[in-house]
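The structure appears below as structure tokens.
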Amino acid sequence: MNSITLPIPFWKMSGAGNDFIIIDHRKPLIPQERMAEFARLVCRRKFSVGADGLFLIEPSTRADFKWRFFNADGSEAEMCGNGARCVARFAYMHGIAAARMRFETLAGIVEATVADTTATIKMTSPHSFRFDRQIEVGGQLFMVHSVDTGVPHAVIFVDDIDEVDMVGLGRQLRHHPVFAPMGTNVNFVGRTGDGFRIRTYERGVEDETMACGTGVVAGALIAAVKGYADSPVAMVTSGGIALTVQFSGKKGTDVDQVLLKGPAHLIYRGELTSESLIA
Ligand SMILES: N[C@@H](CCC[C@H](N)C(=O)O)C(=O)O
């Protein structure tokens with residue numbers, strides 16, 4: 001079968017401004033070989049629903065369900081923190097899983113708890129920490145830290161977060177040879193009087209998004225190692241919404257339980273038709 005079964009019911013959800021299309025795909029509707037193309041079409045803003053990413057919920061033999069996750073450009077990514085929180089609420093509201101659930105991602109098993117419009121996830125173990133790499137971009141040197149929180153993230157602490165050229169600088173770092181071949185998401189973190197602000201240039205969206213869950217976790221863990229923060233760490237994202245990261249275990253890179261908490265809202269539900277898929 002190479003055709004897409006239409007119409008397709010979907011939910012549009014927002015996790016702190018990171019927005020997603022979520023489809024119950026336990027009964028297959030989109031052939032495997034057309035999933036990336038489908039994601040590109042439905043995520044395209046102004047021409048279709050528009051979103052930062054697409055989730056297809058599928059059956060799992062190891063957990064309550066598993067997902068296929070595609071960025072807006074059709075690339076498949078291992079993990080998405082805000083998407084995981086939205087998917088958890090979707091699964092709970094569709095009776096696919098109980099309020100406490102486990103689901104399979106390419107990064108590993110994610111645990112989640114849903115309470116009203118808030119969803120908390122237990123992240124897969126962060127790994128590949130690197131600190132204090134000096135990287136030159138456009139004749140300027142940046143002190144860059146990095147960690148994989150399910151997907152790769154670079155973290156840079158800046159004095160004035162409003163002044164960062166997200167598209168110019170974000171894009172150059174995202175494609176910097178140091179991070180090849182996978183590339184990286186790029187987070188700029190600013191310390192405010194009583195906390196942190198964070199802005200993320202997302203791989204696969206190829207732009208700044210309003211929030212990035214795995215990016216907030218990367219920022220919080222690196223801030224803790226640097227001695228700037230202690231658990232729980234709240235970071236205000238570009239859309240103005242705070243996400244909270246809680247972790248236990250030894251302070252530093254040896255953290256064994258990392259929780260990400262924040263809102264997961266249903267924006268609307270609808271049906272995708274052939275007109276939603278126009279290139
Ligand atoms: N928005 C996500 C991260 C999604 C994956 C990322 N775009 C990538 O390809 O690495 C989040 O909330 O974590």
Side-chain angles (χ1 to χ4, degrees), residues 12-22 35-36 39-40 43 45 50-56 67-90 103 105-108 110-112 118-128 146-155 166-167 170-171 173-176 179-189 198-222 233 235-239 241-245 258-265:
K12 177 80 191 287
M13 295 195 73
S14 172
N18 214 184
D19 62 339
F20 307 102
I21 297 165
I22 306 179
M35 286 176 180
R40 274 193 301 277
C43 290
R45 297 193 191 276
D52 293 329
L54 165 76
F55 289 91
L56 304 175
W67 79 25
R68 297 290 304 267
F69 167 49
F70 297 88
N71 282 309
D73 70 357
S75 57
E76 188 164 14
E78 297 82 354
M79 174 55 185
C80 175
N82 287 327
R85 297 184 313 89
C86 290
V87 162
R89 185 146 179 249
F90 175 92
F103 51 93
T105 73
L106 292 180
V110 171
E111 293 174 26
T118 299
T120 306
I121 54 166
K122 180 172 174 250
M123 309 286 295
T124 54
S125 293
H127 60 89
S128 310
S146 55
V147 60
D148 191 315
T149 53
V151 285
H153 282 277
V155 175
M166 288 301 291
V167 176
R171 185 171 294 153
L173 280 161
R174 179 256 181 270
H175 291 288
H176 197 282
F179 301 109
M182 296 193 312
T184 187
N185 298 282
V186 184
N187 304 273
F188 296 91
V189 178
I198 184 164
R199 296 176 71 185
T200 307
Y201 182 95
E202 266 196 56
R203 186 181 74 157
V205 180
E206 304 310 333
D207 207 346
E208 178 178 11
T209 54
M210 288 296 101
C212 177
T214 47
V216 166
V217 172
L221 294 179
I222 287 173
V233 184
M235 294 216 166
V236 178
T237 57
S238 303
I241 297 174
L243 292 172
T244 307
V245 184
V258 182
L259 303 179
L260 172 70
K261 180 176 180 179
H265 286 118

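Counting convention: from 1, in listed order, for ligands and their atoms alike.
Looking only at protein heavy atoms, the nearest one to atom 9 (O) of ligand 1 is N71 ND2, 2.8 Å. Remark: minimum distance from atom 12 (O) of ligand 1 to any protein heavy atom is reached at G213 N, 2.6 Å. The protein atom (non-hydrogen) at minimum distance from atom 13 (O) of ligand 1 is T214 OG1, 2.6 Å. In this structure, the protein non-hydrogen atom closest to atom 2 (C) of ligand 1 is C80 SG, 3.1 Å. Counting protein heavy atoms only, atom 6 (C) of ligand 1 is closest to N185 OD1, 3.5 Å. Atom 7 (N) of ligand 1 has its closest protein heavy atom at R203 O, 2.7 Å.
In terms of modelled atom types and a separation under 3.5 Å, the side chain of N185 and the main chain of E202 share no donor-acceptor contact. Side-chain atoms of S238 do not come within 3.5 Å of backbone N or O of R199 as any donor-acceptor pair. Checked by atom type and distance alone, the side chain of R85 pairs as donor or acceptor with a backbone atom of P263 at under 3.5 Å. Judged purely by atom type and a 3.5 angstrom limit, N71 has no side-chain atom pairing as donor or acceptor with the backbone of D73. With hydrogens and angles ignored, the 3.5 Å screen pairs no side-chain donor or acceptor of T214 with any backbone N or O of G150.
Applying the 4.0 Å criterion to heavy atoms of N18 picks out, from ligand 1, the atoms 1 (N), 2 (C), 11 (C), 12 (O). Set against the non-hydrogen atoms of G81, the atoms of ligand 1 under 4.0 Å away are 11 (C), 12 (O), 13 (O). Near F69, with a cut-off below 4.0 Å to any heavy atom, the atoms of ligand 1 are 4 (C), 5 (C). With ligand atoms numbered from 1 in the order given, ligand 1 contributes 1 (N), 2 (C), 3 (C), 4 (C), 6 (C), 7 (N) to contacts under 4.0 Å with heavy atoms of E202. Near V151, with a cut-off below 4.0 Å to any heavy atom, the atoms of ligand 1 are 10 (O).
Judged purely by distance below 3.5 Å, without hydrogens or angles, the side chains of N187 and T200 pair a donor atom with an acceptor atom.
R45 has a carboxylate O that lies under 4.0 Å from a charged side-chain N of D19, or vice versa, which qualifies the two as a salt bridge. Between E206 and R40, none of the side-chain N atoms (NZ, or NE/NH1/NH2) sits under 4.0 Å from a carboxylate O, so this pair counts as no salt bridge.
Heavy atoms from both the backbone and the side chain of N82 come within less than 4.0 Å of ligand 1. The part of A77 lying near ligand 1 is the side chain, judged by heavy-atom distances below 4.0 Å. The backbone of M79, and not its side chain, has at least one atom closer than 4.0 Å to an atom of ligand 1 (non-hydrogen atoms only; backbone = N, CA, C, O).
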Exercise for the section: Apply side chain to side chain contact (heavy atoms under 4.5 Å, CB included) to H153 and V151, showing your working. Expected result: CA-CA 7 Å; H153 282 277; V151 285; 3.6 Å; yes
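Looking at ligand 1, you won't find any N or O of G83 less than 3.5 Å from one of its N or O atoms.
In this structure, CH2 in W67 is found 4.5 Å from CZ in F55, a value given to the nearest 0.5 Å.
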